Each structure stands twice: as C-alpha cells, then as structure tokens.
Asker: 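Encoded as structure tokens, here's the structure I'll be asking about.
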Amino acid sequence: MGDLWTAVSTKKNFEAAKRLVKYDQGSNIEDFLSQCVNAAPYLTQAENKIVTDFVAAAETEIHSKCTSFLKGAAQLPHHETFLRKLTRRRSKAPRPKFFTTNYDLCFEQAAARVGLTVIDGFSYSQPRIFNPNHFGYDLVRRAQSSSETNELVEGVIQLYKLHGSVDWEIEEDRVVQTKSPLPGKRCLIYPASTKYQHSYTQPYLELVSKYLTSLREPNTALIIVGFGFNDDHLSAPILSAIQSNPSLNTLIVDPNIQEKDTDGKLNHTHKRLKTFTDSKVTFVNAYFSQFADLIPDLKALSQEHQLAKNILNLSQRR
C-alpha cells in the first residue's frame with residue numbers, strides 16, 4: 001500500500017485533490033481514494049472534474065503497478081512452492097480452493113509454471129466469459145477401455161479472486177477475460193473503504209458466496225497468509241465459522257504477529273482469534289516465503305500404495 005501511495009502521489013491533480021476533499025490523514029491510499037469518491041458529488045463542476053480525473057489516473061496507476069511486475073518470464077518461486085506442496089494430494093480428495101483479494105496474476109502464472117490446471121469460473125471457449133457454474137466442473141481422464149474407469153485428473157485447483165482481476169473486463173452484462181481491459185471497464189475493487197459495498201455486487205457477490213460456503217464445510221483447513229483482517233466482509237465470516245464449525249482448523253501466517261502481540265498492537269480481530277484456546281487457531285510468525293518452505297513436502301499416494309498401506313496397517317493390528 002505504501003508503494004501505491006508513492007506512485008499515485010506523482011499523478012496530476014494529486015495535491016489539488018487532497019486540498020479539495022480536505023484529506024489530512026497521512027498516507028493511506030484507501031482512505032484518500034474513498035474520501036475523493038465520497039466528496040466528489042458535493043463539489044462544484046470544475047472541482048468535481050479535478051477530483052474524478054485524479055481518481056481515474058490513480059486507478060490506472062494502481063492497475064499498472066499490479067500488472068507490470070509480471071511481464072515476461074517473472075520468477076515466482078514461493079508461489080510455485082506453495083501451490084506445488086498444497087496440491088500434492090489424492091485426486092479424489094476435494095480440490096484445494098484458493099481465495100485471494102489480490103488482483104494480480106501471480107497464482108495463475110505460478111500454476112502454469114508447475115503444470116497445474118486452474119478453474120477460475122470462466123468458460124473454456126473464447127471469449128472466456130465468467131459463469132460461477134464452472135466452479136462445479138472438473139477434469140476427468142476418460143477410460144481407454146471398458147475394463148478401466150474414468151479418473152479425476154491430478155493437479156487441479158480452484159481460484160476465487162474476491163476483488164476481481166487485472167485481466168477482467170465488464171462488457172454490458174457480462175465479465176470477460178482479456179489481456180488489456182479498457183479504463184472504466186476494469187472489473188476489480190480498488191483500495192478504498194467502499195470495497196465492502198462493491199463486494200456485494202456481481203460478479204463479486206458470487207465469489208463471496210463461494211467463500212462463505214467453504215468456511216462452513218466439514219473437515220476444513222483454512223490457511224490465512226498475507227491478510228490483515230481489515231476487510232470486515234471477509235474477516236467477520238472467519239470468526240463466525242470458527243465459532244460454529246467444529247471441524248474447521250485455522251492457521252494464520254503473519255510475519256509481525258509476535259511483535260504486534262508484544263507491543264500491544266493487535267487489532268480487534270486478532271485479539272478475538274487469540275481467545276480460542278482449543279487449538280482451532282494457530283499463529284505462525286513467518287513471511288510467505290518462509291511459510292512456503294515450512295509446508296511438508298507430502299507425496300500423494302497412488303491407489304496401489306494406498307492399498308498396500310491399508311493391508312500393512314491391518315496386518316500390524318493382528
């Protein structure tokens with residue numbers, strides 16, 4: 001967020017917009033853009049144009065910053081390690097679900113590099129059109145003979161981008177995937193306090209609905225990385241699910257959690273999460289890169305190995 005503030009501060013009308021909307025709350029990009037959007041309707045026509053032009057330029061800069069660093073053969077070793085380790089599981093097990101508020105293409109690019117298939121809610125034909133029904137689809141390896149059976153393909157993940165994506169564009173009443181969305185038609189929620197309201201419009205409503213449903217599923221492990229619990233529409237359901245879903249186990253990864261605890265700087269949600277003393281919530285003081293290396297490098301058992309393991313267990317019981 002600090003980098004985005006620095007980038008936006010170089011835009012034309014930055015100082016004029018700050019003065020017109022009377023922003024004096026430091027360098028919080030979310031608060032500033034929100035104040036601009038909220039104040040614009042109450043300004044004169046000339047003042048309104050200055051502010052709205054600045055907001056448009058700021059959004060374009062944010063879009064550029066979240067896109068340009070992935071151009072070319074960008075290396076994403078930690079994302080690749082994270083995905084590779086969490087997808088090593090039996091193909092018949094539920095597909096791992098990745099929910100992210102980031103609208104860059106890190107997960108898509110890392111998945112491609114490690115040979116994973118991403119189900120992201122878009123059609124498989126061109127143009128790729130968003131339809132939440134596609135999250136119910138899967139990939140199957142068709143049997144080659146009558147003596148074989150169809151098998152689910154390994155290495156498939158489901159990706160839910162709760163705040164949209166840099167390659168989504170709104171076309172009339174649909175969302176399509178394109179490399180260069182036009183300004184004004186980009187389908188993503190920019191950093192602003194108004195994102196709570198935006199998250200309950202389409203297509204975000206469908207994605208948030210999938211998120212809420214997943215938190216209620218039995219025998220679920222929730223890994224939270226790089227999330228500051230500042231989005232009420234996402235953090236409140238986590239607290240509720242921990243209280244009401246007895247088989248939900250939560251792991252929270254934060255590189256500063258120990259320091260925040262020592263200095264008394266934990267936010268309200270963190271304090272609530274610390275009250276759960278039945279091992280349902282575990283904190284890990286680590287960066288994403290460190291945590292990716294800490295994940296056990298498990299290998300999914302084939303059907304033959306699983307059968308052999310079961311037979312061995314039975315023989316040992318006797």
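For clarity, every value in this text was computed on a predicted model and none was experimentally measured. In what follows, residues are counted from 1 in the order of the sequence shown.
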Asker: Taking the side chain as every heavy atom from C-beta outward, state whether Phe107 and Leu116 have any pair of such atoms under 4.5 Å apart.
Answerer: no
Asker: Check side-chain hydrogen bond (donor to acceptor under 3.5 Å, both in side chains) between Ser125 and all other residues, then give those that pass, not counting sequence neighbours.
Answerer: none
Asker: Before accepting this row, confirm whether a basic side-chain N of the pair Lys65/Asp3 lies closer than 4.0 Å to the acidic partner's carboxylate O.
Answerer: no
Asker: Please answer whether the main-chain N or O of Glu217 pairs with a side-chain N or O of Asn245 as donor and acceptor at a distance below 3.5 Å.
Answerer: yes
Asker: Does a side-chain heavy-atom distance below 4.5 Å link Leu33 with Ile62?
Answerer: yes
Asker: Can you list every pair that meets salt bridge (charged side-chain N to carboxylate O under 4.0 Å, His left out) and has a residue in residues 224-242, with sequence neighbours left out?
Answerer: Lys195-Asp231
Asker: Does Arg95 reach the side chain of Ile119, with side-chain heavy atoms less than 4.5 Å apart?
Answerer: no
Asker: Could I get the full list of side-chain contact (heavy atoms from CB on, under 4.5 Å) partners for Glu59, not counting sequence neighbours?
Answerer: Val55, Tyr190
Asker: Enumerate, atom names and distances included, each donor-acceptor pair closer than 3.5 Å involving a side-chain atom of residues 176-184, sequence neighbours excluded.
Answerer:
from   : atom 1 : to     : atom 2 : distance (Å)
Gln177 : OE1    : Arg128 : NH1    : 2.8
Gln177 : NE2    : Asp120 : OD2    : 3.4

Asker: Measuring only between side-chain heavy atoms, which start at C-beta, is Asp297 closer than 4.5 Å to Arg88?
Answerer: yes
Asker: Evaluate side-chain contact (heavy atoms from CB on, under 4.5 Å) for Asn28 paired with Phe32, printing each intermediate quantity in order.
Answerer: CA-CA 6 Å; Asn28 187 310; Phe32 183 33; over 6 Å; no
Asker: Does any pair with a residue in residues 4-16 pass side-chain hydrogen bond (donor to acceptor under 3.5 Å, both in side chains), and if so which ones, sequence neighbours excluded?
Answerer: Lys11-Glu61
Asker: Compare all side-chain heavy atoms of Trp168 with those of Tyr103 and state whether any distance is below 4.5 angstrom.
Answerer: no
Asker: So that I can tick it off, tell me whether Lys185 and Glu169 are bridged by a salt bridge, with the cut-off set at under 4.0 angstrom between side-chain N and carboxylate O.
Answerer: no
Asker: Side chains of Phe227 and Ile252: does their closest heavy-atom pair fall under 4.5 Å?
Answerer: no
Asker: With under 30° as parallel and over 60° as perpendicular, where do the rings of Tyr211 and Phe99 fit, or are they tilted in between?
Answerer: perpendicular
Asker: Please name the residue in the list Asp254, Leu273, Leu239, Leu234 that meets the side-chain contact (heavy atoms from CB on, under 4.5 Å) test with Phe229.
Answerer: Leu273
Asker: Can you list every ring-ring contact (aromatic ring centres under 6.0 Å, His included) pair that touches residues 241-260, not counting sequence neighbours?
Answerer: none
Asker: Using a 3.5 Å distance criterion without hydrogens, assess whether the side chain of Ser209 forms a donor-acceptor pair with backbone atoms of Leu205.
Answerer: no
